[in-house]
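Some notes on the structure that comes next.
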Amino acid sequence: MIKDITLGQFFPGNTVVHKLDPRMKIILTIAYIVSIFLAKNMWSFIAVVASALLLVIVSKISFKTILKSMKPLIFVLAFTTFFNLFWTTGDVLLISFWKINIYLEGVVFSVMMILRITSLLVGTTVLLTYTTSPIMLTDALERLLSPLRLIKLPVHEFSMMMTIALRFIPTLVEETDKIMSAQKARGADFESGSLMRRAKALIPILIPLFISAFRRADDLATAMECRCYRGGDGRTRMTKLKLALRDFGAIILMAAFITGIVFLNLTPCPISM
Amino acid sequence: MSDTFIKVEKLNFSYTDDDGHDVPVLRDLDLEIEGGSLVAVLGHNGSGKSTLAKLINLILTPTSGKITVDGLDITSSELTEDQLFENRKNVGMVFQNPDNQLVATIVEEDIAFGPENLGVSSDEIRKRVDDALKTVGMTEFARHSPHQLSGGQKQRVAIAGIIAMMPKCIIFDESTAMLDPSGRREVMDTIIRLNREYGITILHITHYMNEAAMCDRVIVLNDGKVELDGKPTEVFSNVKLLESIGLDVPQTVEVLNELKIEGVNIEIDKLSVDECADEIMKLFGENK
């Protein structure tokens, strides 16, 4: 039943976006987020939306997947739109009845907010989670954050924990399934009754799950010790990350994009925030 | 071949239980394992066989006694941390549950874990990983995630992870116990190949008598001591003693032994099905 959980959805591929150095992708994503928040008027928003669409096309991720990923966002979008629409005041009154006043500025603001949030989500998922394997991501994070080791931050340990967590998610999901079946076979009922009852019914699943997780952790620690693990010091890596020409190309493109946004913000425009 | 690789002298190990009593697990154990040999260690639960394995790898420290591995006294109080890791590199260990030994989300990343810890250069790691994958016959699964593999395949990945560290000896701590029959065969074939083709010393701790029968030497532990030690045919001839300490004998020996008890004049030290059949056929030859 819970087999189809896909965490950090990754769609393997062979496009330029996939091939970019994961460290570069993290930096690019941050730059992209900044650029989205820089956008102030219609022209720059057109540029932002176009860039998000372009990313989707280049990465060959299907639009269906993108639309599906936006489903959980509907609530957030509705919420912000609601507040922006009814609470923004301005000069041009569009609709007014009873106590509700809707101004043109409010409409503009909500539309731009929707565009901003959706391109933010599309851009970051395409650049990072959809096109980078989780292990590449943790690896890149470890390398990017490695300077922080100087101030005694356990960067390697964090990334090791992430890797192990990712490794054990499917194992623990499988185990949960097994325990649930075992408890069901003994007459446990997870589906009926009040919310409180159903929450209580989960206890006989959680306890064995926790015990087994601790046992696994113990076993894994022993196995890691046997394989000479002694923390991040003196450890080498099999995969070498090397910046290619395309990585420099990407960063130049991103710099141009941000400059473009700033420039467009300064151009006179009938509609702006 | 005949050099002693592991030498255990007067080894004692005990732990303290919840009530504060000392529970002895190993008592004055003496043992010598030759380099390049394939040794099975048998014993019922609590006989101390897994403890012995963990002591050789210094996951546990002995209460008293001496263990020498590859000429290095690992129980010495002057053992440096580098020597400790050198010993762990020399003596690899494969455990029972294949799931609980794999660290990474991708097979080849996991195999690289050991050599990465040893500080081997990237190119060398790549080469070792490819070789190890080939040795266990898992090359085509290099980019798979462990949870997509069967138990036997996972265990082979775990073995590859050890091989990539280039150990001289591998201890299999009931590594076949959680596998189905086909998985067990896969792993057993790999173990035997590692010994025969690569000359790696193997200590195979197991519950399965037919696996022990495939080894060169069988050591039976009982109550923290060596009860029997010798060639499989010699050890399994002691049917009564084995049964008295709660162990089975291979099915072939059991059949022949039953016949012998019934008064049939027959030799019981036949471990393979073919040999057993031949032995029984001999009887019919005599009757004709």
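Please read these numbers as outputs of a predicted model, since none were measured by experiment. Worth knowing before you read on, the calculation uses all heavy atoms, side chains too, and leaves out hydrogens, waters and symmetry mates. In the text below, chain A, chain B and the rest are named by the order of the sequence lines, each starting its count at 1.
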> So do B:Met93 and A:Thr222 actually touch side chain to side chain, heavy atoms under 4.5 Å?
Replying inline: no

>> Is it the case that atom CZ in A:Phe63 sees more than 12 heavy atoms from other parts of the structure closer than 6.0 Å?
In response: yes

> Counting heavy-atom pairs under 4.5 Å to chain A, which of B:Gly114, B:Gly119, B:Ala164 comes out on top?
Replying inline: B:Gly119

>> What part of B:Glu108 gets within 4.5 angstrom of chain A, counting heavy atoms only: side chain, backbone, both, or neither?
In response: both

> Does any non-hydrogen side-chain atom of B:Leu102 lie less than 4.5 Å from one of A:Phe168?
Replying inline: no

>> Quick check: do A:Asp219 and B:Gln101 have side-chain heavy atoms less than 4.5 Å from each other?
In response: no

>> For a quick test of reading the model, state the closest non-hydrogen atom pair linking A:Thr163 to B:Thr105 and the distance between them.
In response: O-CG2, 4.2 Å

>> Which atoms of B:Pro115 are under 4.5 Å from chain A, going by heavy atoms: the side chain, the backbone, both sets, or neither?
In response: backbone

> When heavy-atom pairs shorter than 4.5 Å are enumerated against chain A, which of B:Gly92, B:Gly161, B:Ala158, B:Pro167 gives the highest number?
Replying inline: B:Gly161

> With only heavy atoms counted, which part of B:Ile111 is less than 4.5 Å from chain A, the side chain, the backbone, both or neither?
Replying inline: backbone

>> Looking at chain B, which one of A:Met224, A:Arg215, A:Arg230, A:Glu225 has the largest number of heavy-atom pairs inside 4.5 Å, strictly under?
In response: A:Arg230

> Between A:Ala223, A:Ser133, A:Cys228, which residue shows the highest count of heavy-atom pairs closer than 4.5 Å to chain B?
Replying inline: A:Cys228

> Does the side chain of B:His147 reach to within under 4.5 Å of the side chain of A:Ile169, using non-hydrogen atoms?
Replying inline: no

>> Need one label for B:Asn57: side chain, backbone, both or neither, based on atoms under 4.5 Å from any heavy atom in chain A.
In response: side chain

> Where on A:Thr171 is there a heavy atom nearer than 4.5 Å to chain B: the side chain, the backbone, both, or neither?
Replying inline: side chain

> Considering only heavy atoms, which portion of B:Asn97 lies under 4.5 Å from any heavy atom of chain A: side chain, backbone, both, or neither?
Replying inline: side chain

> chain A heavy atoms under 4.5 Å from B:Val129: which part of the residue, side chain, backbone, both or neither?
Replying inline: side chain

>> Measuring from atom CE of A:Met238 to atom NZ of B:Lys127, what distance do you get when rounded to the nearest 0.5 angstrom?
In response: 14.0 Å

>> Quick check for you: to the nearest 0.5 Å, what is the distance between B:Asp99 atom CG and A:Glu175 atom CD?
In response: 8.5 Å

> Between A:Thr236 and B:Ser121, is there a donor-acceptor pair closer than 3.5 Å when you use the side chain of the first and the backbone of the second?
Replying inline: no

> A:Cys226 pairs by side chain to side chain contact (heavy atoms under 4.5 Å, CB included) with which of B:Val91, B:Ile59, B:Leu58?
Replying inline: B:Ile59

> Are the side chain of B:Ser122 and the backbone N or O of A:Thr239 linked by a donor-acceptor pair below 3.5 Å?
Replying inline: no

> Tell me, do B:Val103 and A:Met160 make a side-chain contact under 4.5 Å, heavy atoms counted?
Replying inline: yes

> With a 4.5 angstrom heavy-atom cut-off, which part of B:Phe113 approaches chain A: side chain, backbone, both or neither?
Replying inline: both

>> Are there over 12 heavy-atom neighbours, none belonging to A:Phe158, within less than 6.0 Å of that residue's CZ?
In response: no

